[in-house]
Structure formats: structure tokens, C-alpha cells
Amino acid sequence: MTAPPEPGWAVQERLAELWQVDPDPDVVTRARTATLAAFTGRGARRRRLRVPVAVAACVLVSGATGAWTAAAASSALPGDTAYGLKRAAEQVQLAVAVGDEAEAEVLLRLADRRVGEAVRAEAVGRLDAVEEAVEGYGDVMAELAPREEALPDAALRARADQAREVHRQVLGALVDSLPPPARAAIQQRLAESFAVEAETGPALPEGVPVPPGRPGGLPFSPDPDDLDPADRAAVDDRGRPGPGTSDGAGPGAPPGSAPVLSTVVPDPPAPALDPPDPAGRVPAPAQRGIDGPRPPAPSTAESGGGPP
Amino acid sequence: VDDDEALVRRARAGDASALAGLFDRYHTRLYRYALARLGDRFLAEDVAAEVFVEVAQRLPRFRGQAVEFAAWLFTIARHDIADLRRSGWTRRVQPTADLPERPAPDDPASAAILRLDVARLKAALDRLTDDQRDVVMLRYAAGLGNDETARVLGKPVSAVKSLHHRAIGALRRAMDDAQLPAPDDGGVA
């Protein structure tokens with residue numbers, strides 16, 4: 001190799017390599033679809049034409065108020081200004097999903113987001129947001145129930161089964177950790193949510209009244225990769241119990257805290273994305289309690305455009 | 001293959017395939033820039049996706065020259081990322097936390113050296129001024145040239161060149177100093 005042409009050459013070469021990391025192909029596909037749907041203003045189905053319009057309205061309003069960001073919306077909790085945009089963007093994802101399986105996949109992710117929002121809202125003491133997140137959870141369930149019955153994919157149903165148990169534990173502990181005045185309202189919301197599920201669903205979380213005529217349960221399958229980043233942050237804040245943790249509460253969580261979404265936490269980054277962490281956070285070991293059937297974390301490609 | 005100008009022109013006329021072409025051309029670069037700024041690949045994925053949804057909605061009203069599309073795109077991303085950081089969700093994230101690494105070599109010694117180099121580079125990047133770090137990330141993560149970087153930052157090209165030169169110099173000195181036994185301040189201004 002020849003000598004560097006200038007003193008900073010080696011640094012520039014290192015910088016050129018530093019960020020050559022590609023996003024998850026599945027994420028790219030979803031982003032591309034959402035982009036085109038937003039552009040064309042057409043959903044997959046006529047009944048959802050209102051959705052891109054809603055997104056457009058949000059963007060217009062936000063643009064007028066000073067470059068409001070969709071990025072901020074992604075971390076919004078119920079009651080936040082940006083939450084409407086977040087929900088509208090989700091509806092775009094749902095609008096472009098075609099077929100029961102695709103729609104079920106989206107709904108499963110959205111259900112997981114709602115659970116994450118509920119956990120995060122509880123962690124910051126926003127009980128009104130907890131209630132709204134749980135209500136949103138029920139709305140997703142209501143949309144998912146008829147599609148789940150028609151799912152031909154056994155693997156997807158198996159994931160849903162595994163997810164039920166996780167969400168049952170998370171929401172059950174969440175209810176237990178709430179102060180009594182709020183607990184009753186949340187319990188009622190959960191009961192309403194579970195009431196829309198098929199009659200053969202799994203057991204309700206402890207403390208949740210069983211609706212008449214059914215055992216209750218959570219027909220959802222989480223997709224860790226789609227967990228709201230802010231919810232992941234909340235999960236990180238509360239620790240990550242291992243699969244064998246008895247109560248599911250994070251190492252730093254106070255007694256009685258809701259269990260963190262340990263099994264909903266995304267995989268630790270692939271080796272190429274697993275950097276030294278000065279903040280002291282140690283990437284969690286594989287915790288695949290609910291999503292064993294999921295494929296391994298995508299590897300990161302090394303190719304890509306070089307630096308200027 | 002259409003260039004940016006042709007794709008932007010067609011997209012502004014309502015051609016979705018042209019927007020798809022722009023997405024394919026820029027999404028990964030946008031993701032890398034967001035990753036560099038946020039240090040979290042999940043946040044970066046969200047930002048990249050949501051910025052493009054925003055672009056899709058605003059493109060018909062984009063009044064800039066077609067050649068300015070890249071600068072416009074990264075300006076939106078830069079503002080969105082700034083808002084996201086202000087929102088508090090990234091308050092625990094340092095400017096260049098969680099830098100991605102290249103795949104580690106098989107040789108343990110080489111892997112250790114690589115890891116150390118990345119750590120040193122991260123520390124050095126953290127000590128740049130905000131403007132210098134902006135330039136570095138737009139140049140090397142987003143892959144923008146001096147002209148485009150200048151448009152994104154709203155600075156003259158000469159200022160961007162100067163910031164780039166100083167940033168590289170500071171990084172080089174910091175990397176060199178980091179190899180000393182006690183690199184307390186690395187000598188970086």
C-alpha cells in the first residue's frame with residue numbers, strides 16, 4: 001500500500017467505512033411502501049382512502065407550524081400532540097397491507113406498540129395515556145379478531161399464541177402496579193378489549209374482570225423489530241430480565257413494577273452493529289421467549305455508497 | 001438510469017415510480033445519516049422511513065431546483081432529528097454513541113485493534129464542535145458533497161470546506177493523542 005497522500009487520509013478512510021451499514025431489508029420494504037402510499041394518496045382499499053388524507057393533513061399542519069417531525073411522532077404517547085400523526089402513519093401501513101395475513105401482521109405490530117406505550121406511559125406516571133393505549137389496544141384487537149380466524153399460516157398463529165402469554169403477563173403486572181383509582185378504569189378497558197376476542201382465547205391477566213361468556217385473552221403476536229423506539233427506550237430504562245426471571249421486573253425496577261417487555265425487546269444488534277457502549281448498557285443476550293419462529297436478525301451489508 | 005433531476009421532475013408530475021427511484025437512491029444514505037446522528041438503528045430506521053413519507057407528501061410543492069433534492073431531503077432529516085433529540089427520547093444518547101462497527105476480523109488481535117480504533121474515533125467525534133460534526137456526518141454518513149452539505153447547513157461552501165478541514169485535523173490529532181499513555185484531553189480544541 002502506498003503512503004497516505006495527506007495527514008488526514010487515514011482518518012477519512014476510517015470515516016468512510018464507519019457508517020457503511022445498511023438497514024433491515026424488511027424495514028426498507030415497509031418504508032418504501034408507506035412512502036408510495038403517502039405519495040399516491042391511495043390505500044389498498046377504497047374504504048381507507050381517508051388515511052393518507054389524514055397523514056397529509058397532519059404533515060401540512062405540522063409544516064405550517066415549523067417543520068414538525070414525524071420522527072418525534074414515532075415516540076409520542078397518547079395525549080401528545082404528535083400522537084395523531086403516529087396513529088395516522090400506522091393506518092397508512094394498514095391501508096397498504098393486502099390480504100388477511102398481511103393485515104394481521106401489521107395489526108400484530110400495532111398491538112405490540114400499544115402494549116409498549118402502556119408500559120412506557122405507566123413508567124412516566126401518565127395514567128391517562130395508559131388508559132388510552134389500552135383502549136387503542138382493544139381497537140386493534142377488534143380489527144384483528146376476524147382476520148386471525150382466517151389465517152392459514154400456522155407459524156403466524158403460533159407466534160400469536162406465544163405473544164398472548166407475554167402480553168397477558170405484561171398487562172397483568174401493569175394493572176397490579178397501578179394505583180387503585182386508575183386500576184379500575186384500566187381493568188375495565190382491558191376487559192372490554194379482551195371481550196372482542198374469540199371465545200377460546202387464553203386467560204385474562206390477573207385482576208382483570210372476565211367478561212361474561214368468555215375466558216378472555218390476547219390474540220396478538222409481537223414483532224420486536226417494530227416495537228416503537230421510544231417504547232424500546234422505556235424497556236431499556238426498566239431493565240431486561242432474562243427468560244427465567246421470576247417476576248419479569250427489570251433489575252432496577254421497584255418491587256411490584258410491571259414486568260418489562262423482555263420478550264418483546266428486539267434482538268441485540270448484529271455483530272457489525274454491536275459497538276462498544278460507553279454508557280455502560282450491555283446489549284441483552286438473546287431473549288427470544290415469544291418469537292422463536294422469527295428469522296435471525298438480518299446481517300448488515302457492507303456494500304454501499306462510499307464517502308464523497 | 002435517470003439522474004436526480006429527471007426523477008424529481010417526474011415525481012413532481014405525479015410519477016410514483018420516479019419517487020420509488022429516489023427512495024431507492026437515498027433511503028440507505030438517509031438511514032446512515034440518522035444512525036450517525038442518533039446512534040440507534042431502530043430510531044434511525046424510523047426517521048428514515050418517516051422522512052420519506054414527509055417528502056412524499058411535500059414533493060409536489062417542492063419548489064427548489066431538482067439538483068437541490070438531496071439537500072432538501074437531508075435538511076428535513078436534520079430538522080427532524082434535531083426535534084427528536086429535543087423531545088428527550090435521545091437524551092441519553094451521546095452525539096456519536098453506538099457507532100456501528102465493521103464486522104470484526106477473525107483474528108482476535110485485529111478485532112481488538114479495530115474495536116479500539118472505533119472507540120477512539122467515537123471519542124474524537126464527540127469532541128468536535130457541533131458544526132464540525134454536522135459536516136463530517138453529512139459528508140461521510142450521508143455521502144453528500146461540499147455543495148450539498150453547504151445547502152443543508154445553510155453555510156457557504158467555503159465555510160463547509162473549512163469546517164471539514166478542521167474536523168479532519170482534530171480527528172487526526174485526537175486519534176494520534178489517544179495512543180499516548182494518558183490521553184486526557186487529546187489536544188482537541
Side-chain angles (χ1 to χ4, degrees), chain A residues 7-8 10-12 14-24 27-28 30-32 34-40 52 55-56 59-60 63 67-75 89 92 225 227-230 232-233 266 269 271-279 300 302 304-308, chain B residues 11 16 19-20 23-24 27-29 31-32 35-36 40-59 76 79-81 83-84 87 89 92 94 97-104 115 117-119 121-122 136 139-141 143-146 168-169 171-172 175:
Chain A
V11 170
Q12 294 189 58
R14 174 65 74 198
L15 287 170
E17 296 176 347
L18 193 58
W19 291 297
Q20 300 304 304
V21 179
D22 289 345
D24 181 338
V27 172
V28 175
R30 285 198 294 271
R32 196 175 193 274
T35 296
L36 296 179
F39 182 69
T40 60
V55 173
V59 171
L60 279 173
W68 175 254
T69 72
S74 71
S75 61
V92 171
D225 290 341
L227 188 62
D228 190 304
R232 282 192 296 269
L273 287 168
D274 186 8
D277 190 337
T300 53
E302 296 178 33
Chain B
L19 179 63
F23 179 96
D24 294 341
H27 179 267
T28 295
R29 290 167 61 181
Y31 165 78
R32 290 171 177 169
L35 178 63
D40 180 302
R41 69 184 177 112
F42 298 105
L43 278 177
E45 286 169 352
D46 274 9
V47 167
E50 290 165 5
V51 165
F52 255 105
V53 168
E54 196 173 347
V55 165
Q57 297 288 352
R58 294 168 59 175
L59 188 59
I76 293 173
H79 289 166
D80 283 6
I81 290 167
D83 282 356
L84 184 62
S87 75
W89 283 109
R92 294 167 299 128
Q94 295 178 22
D98 291 355
L99 287 175
E101 283 186 14
R102 307 291 294 166
R115 184 169 287 266
D117 273 355
V118 170
L121 190 53
K122 176 213 161 323
V136 167
R139 290 288 308 271
Y140 294 93
L144 299 185
N146 281 328
I168 295 302
L171 290 173
R172 182 176 59 81
M175 295 286 283

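Labels below follow one simple rule: chain letters A, B, ... track the order of the sequence lines, proteins then strands, and each chain is numbered from 1.
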How many angstroms lie between [atom1] in [X] and [atom2] in [Y], if you round to the nearest 0.5 Å?
X: A:L18; Y: B:K122; atom1: CG; atom2: NZ; value: 11.0 Å
X: A:Q12; Y: B:R139; atom1: CD; atom2: CZ; value: 7.5 Å
X: B:D24; Y: A:R32; atom1: CG; atom2: CZ; value: 4.0 Å

- Residue B:F23 versus chain A: region with a heavy atom under 4.5 Å: side chain

- Query: Under 3.5 Å, is there a donor-acceptor pair between the side chain of B:R41 and the main chain of A:P23?
  - Reply: no

- If every non-hydrogen atom of B:V53 is compared with every non-hydrogen atom of A:T35, which pair is closest and at what distance?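 Minimum heavy-atom separation between B:V53 and A:T35: N-OG1, 3.9 Å.
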
- Item | Minimum heavy-atom distance between A:A38 and B:Q57, given as atom pair plus value | O-NE2, 3.1 Å

- Message: If you apply the rule side chain to side chain contact (heavy atoms under 4.5 Å, CB included), what do you find for A:F39 with B:L59, and how did you get there?
- Response: CA-CA 8 Å; A:F39 182 69; B:L59 188 59; 4.3 Å; yes

- Task: Report the C-alpha separation of A:L15 and B:I168 in whole Å, then their side-chain angles, then the decisive distance to 0.1 Å, and conclude whether the side chain to side chain contact (heavy atoms under 4.5 Å, CB included) test is met.
- Result: CA-CA 10 Å; A:L15 287 170; B:I168 295 302; 3.7 Å; yes

- Message: Applying side chain to side chain contact (heavy atoms under 4.5 Å, CB included) to A:D22 and B:R32, what does each step give before you reach the verdict?
- Response: CA-CA 7 Å; A:D22 289 345; B:R32 290 171 177 169; 2.5 Å; yes

- Would you say the side chain of B:L19 lies within less than 4.5 Å of the side chain of A:L36, judging by non-hydrogen atoms?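 Contact flag for A:L36/B:L19 side chains = yes.
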
